Q: 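Got a structure for you, written out below as structure tokens; questions coming shortly.
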Amino acid sequence: MNTQEFIQIEEEYGAHNYHPLDVVITRGEGVWVYDVDGRKYLDCLSAYSALNQGHVHPEILAALVEQAGKVTLTSRAFRNDQLPLLYKELSELTGYGMSLPMNSGAEAVETALKIARKWAYQVKKVPRHQAEIITAAGNFHGRTISTISFSTEPLYRDDFGPFTPGFVTVPYGDAEAVAKAITPNTAAVLLEPIQGEGGVIIPPAGYLKKVAELCKQNNVLFIADEIQTGLGRTGKLFAAQHEDVRPDVTVIGKALAGGFYPVSAVLADKEILGLFTPGEHGSTFGGNPLAAAVARAALRVIVEENLVQRAAELGEYFAEQLAEIGSPLVKEVRGRGLLIGVEMKKEAGGARRFCEALQKRGILAKETHEHVIRFAPPLVIDKATIDWALPSIRAVLNDRGA
Ligand SMILES: *Cc1c(COP(=O)(O)O)cnc(C)c1O
């Protein structure tokens with residue numbers, strides 16, 4: 001079957017909750033993917049940063065295959081011999097005393113919200129069911145009813161109410177607004193250190209530090225959603241570290257399993273995560289041995305291959321080169337590490353057509369928020385590959401179109 005035939009079947013039988021580029025991928029290796037018609041593309045999206053380690057990383061593949069032949073699922077009704085080691089290795093890598101495994105990112109965010117509420121009632125002594133959580137405009141924390149309840153994107157929420165109460169939204173990047181929104185009932189502030197889906201929005205310098213201080217002063221938890229920014233993407237293990245901030249709770253997902261498997265986790269110290277008691281929260285698949293084995297290998301690859309450092313160095317180079325293109329259609333190039341957004345001017349006609357033009361030249365990128373093209377290749381990319389891509393990107397960004 002060719003590309004058009006696959007697309008036709010997909011459109012006929014699948015719900016249309018995405019608007020993908022018309023490329024049907026059949027194989028991936030490192031930074032490259034191949035479509036069913038034999039064309040080769042540089043992946044500049046990395047499945048929204050789930051593929052920091054690159055496609056089908058051999059070490060993670062080996063761990064997956066080995067574990068799949070032993071035992072894949074025990075449920076948490078029984079223990080398995082992979083999860084304890086994942087806990088320990090996560091703690092050693094991140095410095096948090098405990099973690100709680102889930103599957104999707106949205107589930108891990110939900111978990112963080114639940115533990116923040118429990119902390120508010122048990123520790124801070126907020127009157128029961130009155131806890132408030134402060135979130136930022138332009139956020140993306142997933143697609144569940146609760147996480148869209150504090151979305152400010154009409155498309156994500158307009159037809160999906162009624163919403164979960166208990167959330168307050170303030171402008172992103174404005175620490176004063178957070179200060180004003182804090183009340184005696186505030187349990188937590190939930191933020192992305194950089195808003196990925198929001199259009200690669202980098203807050204003003206000092207923002208995260210200021211929010212962390214406010215949280216400390218007011219006995220409020222600081223929850224960082226590092227599902228997209230974490231595990232090396234921005235040139236630090238966590239993006240909050242660019243401001244030397246250690247949030248009380250950090251949520252990770254995506255690259256935690258190198259694209260092989262949905263694995264997410266909430267990281268925090270014992271005083272917080274230790275508050276959960278048996279039965280209060282759980283997941284049939286969360287922490288299963290296959291997930292744990294894959295995540296352990298994915299974390300090893302991040303460390304062994306120095307992916308954090310690579311992201312810092314190559315990201316700086318890539319962003320510099322993108323800025324040097326100097327296209328009159330580009331409003332701004334911004335980024336941290338290998339999370340780079342190229343914002344097109346409004347008159348350029350939307351980022352989508354540039355992504356389609358890049359696809360024709362063998363580069364897969366995706367528009368985010370209408371006017372921004374995100375460049376976030378796997379962190380295993382090398383300089384030669386960036387140099388290969390730059391002339392095509394230059395040609396596309398300068399193309400005024402029809
Ligand atoms: C992708 C993402 C999520 C949701 O993760 P899923 O695995 O799609 O549920 C949440 N927060 C951020 C910042 C993300 O980028």
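Remember, predicted model here, so these are calculated numbers, not experimental data. Read the numbers this way: they start at 1 and go in the same order the structure lists the ligands and their atoms.
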Q: Does His141 form a ring pair (Phe, Tyr, Trp, His ring centres under 6.0 Å) with Phe150? I'd like the steps, not just the answer.
A: CA-CA 9 Å; His141 297 289; Phe150 45 84; 5.7 Å; yes
Q: Show me, by chain and number, every protein residue that has a heavy-atom distance under 4.0 Å to ligand 1.
A: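 Under the 4.0 Å cut-off, ligand 1 touches Ser104, Gly105, Ala106, Phe140, His141, Gly142, Glu192, Asp225, Ile227, Gln228, Lys254.
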Q: Tyr96 ring centre to Arg246 NZ or CZ under 6.0 Å, with the angle to the axis within 45°?
A: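 Yes, Arg246 and Tyr96 form such a contact.
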Q: Enumerate the residue pairs fulfilling salt bridge (Lys or Arg N to Asp or Glu O under 4.0 Å) with a member in residues 278-307, sequence neighbours excluded, ordered by first and then second residue.
A: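 Residue pairs with at least one partner in residues 278-307: Glu59-Arg300, Glu89-Arg296, Lys118-Glu280.
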Q: Is Glu356 salt-bridged to Lys360, cutoff N-O under 4.0 Å?
A: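 Lys360 and Glu356: not salt-bridged.
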Q: Can the positive tip of Arg157 be found less than 6.0 Å from the middle of the six-membered ring of Phe163, inside 45° of the ring normal?
A: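 Yes.
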Q: Report yes if the distance between the aromatic ring centroids of Tyr34 and Tyr41 is under 6.0 Å, otherwise no.
A: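 No, ring centres 6.0 Å or more apart.
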